[in-house]
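Structure first, commentary second.
Just so it is clear, the values below take in all heavy atoms, side chains as well, and ignore hydrogens, waters and symmetry mates. Letters A, B, ... are given to chains in the order of the sequence lines, protein chains preceding strands, and every chain is numbered from 1.
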Amino acid sequence: MTQQLPDLLTAGVRDGLQALYQVTDPNLDITLQSTRKEFDGEFTIVTFPLTRLAKKKPEQIGAELGQYLKTELEEVSDYNVIKGFLNLVITDRYWIEFLLQQAQATDFGRSPKTDERVVVEFSSPNTNKPLHLGHVRNILLGWSTSQLLEAAGFDVKRVQIINDRGIAICKSMLAWQRYGEEATPAGKGVKPDHFVGQFYVLFEQRFQEEYADWQQTTTAKTILQDKNPKQLPEEAFWKAYKNTYFNTYSALGGAAKDMLLRWEDKDPDTITLWKRMNGWVYEGFTETYRRLGVSFDKLYYESDTYLLGKDMAQAGLEKGVFYQKEDGSVFVDLTDAKLDEKAILRSDGTSLYITQDLGTARLRYDDFGATRMVYTVGDEQNYHFQVLFEILKRLEEPYAAGLYHLSYGMVDLPTGKMKSREGTVVDADDLMDEVIQEAYNSSLERDATSELSADERREIIRMIGMAALKFQIIKVGPQKRMTFDPKESVDLQGQTGPYVQNAYVRTRAVWRKAPDTDLAAAADYQQLEPTERELISQLYAYPALVRDAATQYDPSQVAMYCYELAKGLHKFWHDVSILNADSPAAVAFRLSLCRAVGNVLKHGMGLLGIEMPERM
RNA sequence: GCUCCGUUAGCUCAGUUGGAUAGAGCAGGAAUCUUCUAAAUUUCAGGUCAAAGGUUCGAAUCCUUUACGGGGCACCA
């Protein structure tokens with residue numbers, strides 16, 4: 001049983017083609033796929049592409065090849081042919097031995113560890129407001145991908161870069177300084193990151209008031225007349241003009257910019273205030289991360305890294321990858337890679353966003369020696385990462401071949417885009433509260449956990465709510481833009497986290513009832529029921545699925561797999577009796593099957609950061 | 001204007017390197033709890049895979065054009 005079935009079968013097909021038709025093309029691509037549910041068998045060979053080589057009809061090839069494989073391979077018990085499809089049935093003996101010998105292993109699905117190191121970046125918030133639904137998708141995606149890479153054998157380091165400086169945090173600071181009256185989160189009883197966010201919102205409000213007043217001045221009226229060539233309606237014009245107003249006329253805008261300058265000059269009072277307010281934010285973030293069940297190996301702060309990368313700019317110049325313009329600015333020409341010319345340093349020699357990213361990449365390599373780096377960042381930055389990776393490649397950085405932008409689509413609400421200015425942002429903490437409340441409401445109709453303590457029940461309800469939320473988000477492929485309805489779409493039934501949890505709980509319940517069963521009898525089990533055969537072949541596919549999902553950086557595949565496996569378990573549960581089965585062999589075998597399925601469900605959901613309760 | 005991405009059932013989503021009659025869940029109709037947890041199972045209904053053309057034995061999948069939606073095109077981040 002050392003050789004995997006797909007390899008064994010394709011090798012068998014090659015042998016068969018040679019024996020039957022004298023075909024020996026080593027480059028021949030044999031199409032092997034898993035058999036659809038409505039047909040008998042577990043693996044299917046597509047014979048259409050073979051017609052040219054064998055010079056026979058697909059049905060005939062299927063029949064001849066099927067007979068050959070049935071005779072030559074002990075693992076193949078039967079076959080059937082439908083048009084150009086040869087469906088192969090694997091013997092019960094093979095499946096039974098696989099289940100009892102391999103699928104019971106606690107490390108089933110895990111690849112052997114290598115010492116290849118990968119850095120996964122995710123979350124990377126700004127420090128001016130609390131985390132919201134968009135961050136939640138980023139965090140769940142980044143976390144589950146990091147788990148997936150770990151299961152695939154990599155040594156994973158999880159990091160985030162915290163955008164702790166800049167004009168945004170200065171707005172919150174200014175608002176607190178002017179209107180906060182020395183208030184503190186503890187004093188107000190508000191979660192500290194939300195507290196800071198309130199001042200960010202307050203700044204925006206005051207700024208809008210100031211802007212509205214200013215629009216009545218004669219200066220403003222002149223501007224509206226002179227600088228509106230497209231004849232936009234007044235409201236639209238002012239909306240478009242807002243940035244210019246902030247930067248040129250606004251007193252509040254000026255004050256915020258002054259604060260940023262003082263921060264850059266390391267003014268002690270400004271730094272003290274900055275540290276204090278960021279401290280509040282980190283306290284709040286820590287709590288949110290804890291509830292989400294994620295953690296990091298290292299945090300990078302933009303205040304430490306925003307000047308990095310100048311040495312990379314210098315190195316690039318020396319290598320001739322970059323060039324300097326007359327005004328002193330440094331550029332890279334990527335037009336031959338179908339990208340643009342991109343600035344690396346300003347004419348005054350200061351860094352840009354991309355410069356910083358070059359420096360940070362190098363810093364991570366120096367910190368961890370990672371040969372791969374994954375950036376979990378929204379798809380609006382696709383172009384930025386193309387440019388970044390291309391530059392790093394040209395600089396011949398040692399990790400350049402292992403860079404990956406884990407790009408994901410925006411999360412929309414049923415009402416449209418989330419917009420912080422319009423107050424339509426779904427807050428991460430509120431969202432978690434809501435789903436857990438929903439799980440609680442739902443639990444009131446049941447009594448399966450009534451004999452447990454209040455604490456234990458609360459813990460189970462928390463797990464169910466979080467599973468619903470996480471599964472809902474992770475099951476959607478990363479690159480896809482998704483719609484999330486915070487009220488209605490957190491279902492607890494059907495294709496959901498709790499559905500999978502329930503399947504696991506069933507596998508545990510049956511074991512609680514029969515803890516001392518002698519499992520040795522399982523080896524005597526002879527004939528598989530259809531649902532058993534289905535479950536085992538699903539288990540069989542798990543290790544390859546984890547590897548594929550990891551190479552594609554796609555946790556949604558694991559989510560879909562867990563759902564399908566849970567569905568198989570539920571059907572099995574409905575169709576056959578476990579503890580009251582006909583023979584001791586059947587009881588032992590089915591208990592073993594339950595254990596293997598339970599292990600895989602727990603492992604797979606664990607990769608997604610979803611916990612499994614013992615009861616629910 | 002240039003460029004990238006998306007469009008599959010009323011809604012939310014799957015759909016492997018091109019393969020069988022395009023699949024799930026929710027919502028709607030109908031059944032199934034004295035038996036290992038009914039957060040389950042079974043069943044009915046629901047489709048011009050955005051549109052047109054092309055390649056192929058075979059296209060939701062690859063190519064071209066179009067429509068609609070979104071992103072990106074700073075010495076911003």
*Both distances under 3.5 Å, Watson-Crick or G-U wobble: on that basis, could you give the dot-bracket string for RNA chain B, with [ ] for crossing pairs and | for other-strand partners?*
(((((((..((((.....[...)))).(((((.......))))).....(((((..]....))))))))))))....
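Closest approach of Pro49(A) to Thr31(A), counting heavy atoms only: CG-OG1, 4.4 Å.
Using a 4.0 Å heavy-atom cutoff across all strands shown, Arg615(A) reaches at least one base atom of the nucleic acid. Residue Asn87(A) is classed as a base contact, given a heavy-atom separation below 4.0 Å to a base. Residue contacts for Val476(A): at a heavy-atom cut-off of 4.0 Å it reaches the sugar-phosphate backbone alone, with no base atom in range. Within 4.0 Å of Ile167(A), counting heavy atoms only, lies no atom of the nucleic acid at all. Within 4.0 Å (heavy atoms only), Phe85(A) reaches at least one base atom of the nucleic acid. Pro49(A) comes within contact range of at least one nucleobase, with a heavy-atom separation under 4.0 Å. At a threshold of 4.0 angstrom between heavy atoms, the contacts of Gln552(A) with the nucleic acid are absent. Using a 4.0 Å heavy-atom criterion, one finds that Thr44(A) contacts the bases of the nucleic acid, with or without backbone contacts as well. Residue Gly409(A) is classed as having no contact, given no heavy-atom separation below 4.0 Å to the nucleic acid.
Of the P atoms belonging to G23(B) and C63(B), the separation is 25 Å, rounded to the nearest Å. Only the P atoms considered, U61(B) is 16 Å distant from C5(B), to the nearest whole Å. Across the C1' atoms, G19(B) and A59(B) are found 10 Å apart, a figure rounded to whole Å. Look at the C1' atom in both G1(B) and G54(B): the space between them is 29 Å, to the nearest Å. Between U43(B) and C57(B), the distance separating the two P atoms is 38 Å to the nearest Å. Between G72(B) and U56(B), the distance separating the two P atoms is 40 Å to the nearest Å. With both ends at atom C1', the span from U17(B) to U21(B) equals 23 Å, rounded to whole Å. A74(B) and A22(B) are spaced 46 Å apart, taking the C1' atom of each and rounding to whole Å.
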For nucleotides 21-24 of chain B, list the nitrogen or oxygen atoms of the protein found under 3.5 Å from its nitrogen or oxygen atoms, one pair per line.
from	atom 1	to	atom 2	distance (Å)
U21(B)	OP1	Lys83(A)	NZ	2.8
A24(B)	O3'	Lys567(A)	NZ	3.4
A24(B)	O2'	Tyr563(A)	OH	3.0

Polar pairs (N or O, both sides) under 3.5 Å between protein and nucleotides 33-36 of chain B?
from	atom 1	to	atom 2	distance (Å)
C36(B)	O3'	Lys513(A)	NZ	3.3
C36(B)	O2	Ile578(A)	N	3.4
C36(B)	O2	Leu579(A)	N	3.0
C36(B)	N3	Ile578(A)	N	3.0
C36(B)	N4	Trp573(A)	O	2.9
C36(B)	N4	Val576(A)	O	2.5

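To the nearest 0.5 angstrom, Thr496(A) atom OG1 is 7.5 Å from Lys475(A) atom NZ. One distance of note links CG of Asn441(A) with CD1 of Ile436(A); it measures 12.0 Å at 0.5 Å rounding. Distance CG/Leu444(A) to CD1/Ile461(A): 7.5 Å, rounded to 0.5 Å.
For Arg512(A), the CZ atom counts as densely surrounded, since its 6.0 Å shell holds more than 12 non-hydrogen atoms of other residues, nucleotides or ligands. In Tyr440(A), the OH atom is not crowded: 12 or fewer heavy atoms of neighbouring residues, nucleotides or ligands sit closer than 6.0 Å.
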Pairs under 3.5 angstrom only: tabulate donor-acceptor contacts from the side chains of residues 565-574 of chain A to other protein residues two or more places apart or in another chain.
from	atom 1	to	atom 2	distance (Å)
His570(A)	ND1	Arg506(A)	NH1	2.8
His570(A)	NE2	Tyr499(A)	O	3.3
Lys571(A)	NZ	Asp575(A)	OD2	3.2

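Geometrically, Arg165(A) engages Tyr306(A) in a cation-pi contact, judged by NZ or CZ lying under 6.0 Å from the ring centre and within 45° of the ring axis. Taking the ring axis of Phe331(A) as reference, the NZ or CZ atom of Lys325(A) stays within 45° of it and closer than 6.0 Å to the ring centre.
For Val46(A) and Tyr499(A), each mapped to the nucleotide of RNA chain B holding its nearest heavy atom, the one lying further toward the 5' end belongs to Val46(A). Comparing Asn382(A) and Lys480(A) by the nucleotide of RNA chain B whose heavy atom lies nearest to each, the residue mapping closer to the 5' end is Asn382(A).
Put simply, CD on Gln472(A) is 12 Å from P on A14(B), counting in whole angstrom units. What separates CE of Met482(A) from C1' of C26(B) is a distance of 14 Å, to the nearest Å. Atom CD of Gln479(A) and atom P of C4(B) are 17 Å apart (whole Å). Distance CD1 (Ile82(A)) to P (G19(B)): 17 Å, rounded to an integer number of Å. The distance from atom CG of Leu32(A) to atom P of G19(B) is 14 Å, rounded to the nearest whole Å. As a whole-Å value, the separation of Asp491(A) CG from U12(B) P is 13 Å. Rounded to whole Å, atom C1' of U37(B) lies 10 Å from atom NE2 of His570(A). With rounding to whole Å, Ile61(A) atom CD1 is found 15 Å from G19(B) atom C1'.
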*asked:* Under the criterion side-chain contact (heavy atoms from CB on, under 4.5 Å), I'd like the reasoning laid out for Phe207(A) against Lys171(A): C-alpha separation, chi angles, the key distance, then a yes or no.
replied: CA-CA 10 Å; Phe207(A) 171 73; Lys171(A) 290 179 183 177; over 6 Å; no
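A tilted orientation is assigned to the rings of Phe385(A) and Tyr375(A), their planes being inclined by 30° to 60°.
By the side-chain hydrogen bond (donor to acceptor under 3.5 Å, both in side chains) test, Glu438(A) is found to be paired with no residue, residues two or more places apart in sequence or in another chain being considered.
Between Arg36(A) and Glu38(A) there is a salt bridge, since at least one side-chain N of the basic residue sits less than 4.0 Å from a carboxylate O of the acidic one. Contact check on Glu456(A) versus Arg615(A) returns no salt bridge, with no Lys/Arg side-chain nitrogen under 4.0 Å from an Asp/Glu carboxylate oxygen. With salt bridges taken as basic N to acidic carboxylate O contacts below 4.0 Å, none links Lys419(A) and Glu204(A).
Base orientation for C33(B): syn, the chi torsion being within 90° of 0.
Residues Leu339(A) and Tyr383(A) meet the side-chain proximity criterion, which asks for heavy atoms closer than 4.5 Å.
Close to G6(B), at under 4.0 Å from its OP1 or OP2, lies no side-chain N or O of Tyr408(A). Checking the phosphate oxygens (OP1, OP2) of U42(B), a side-chain nitrogen or oxygen of Lys571(A) falls inside 4.0 Å.
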_B/S/- contact track for nucleotides 68-77 of chain B, protein heavy atom under 4.0 Å_ = --SSSS-BSB
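When atom types are taken as modelled, the side chain of Arg590(A) and the backbone of Ser577(A) share a donor-acceptor pair closer than 3.5 angstrom.
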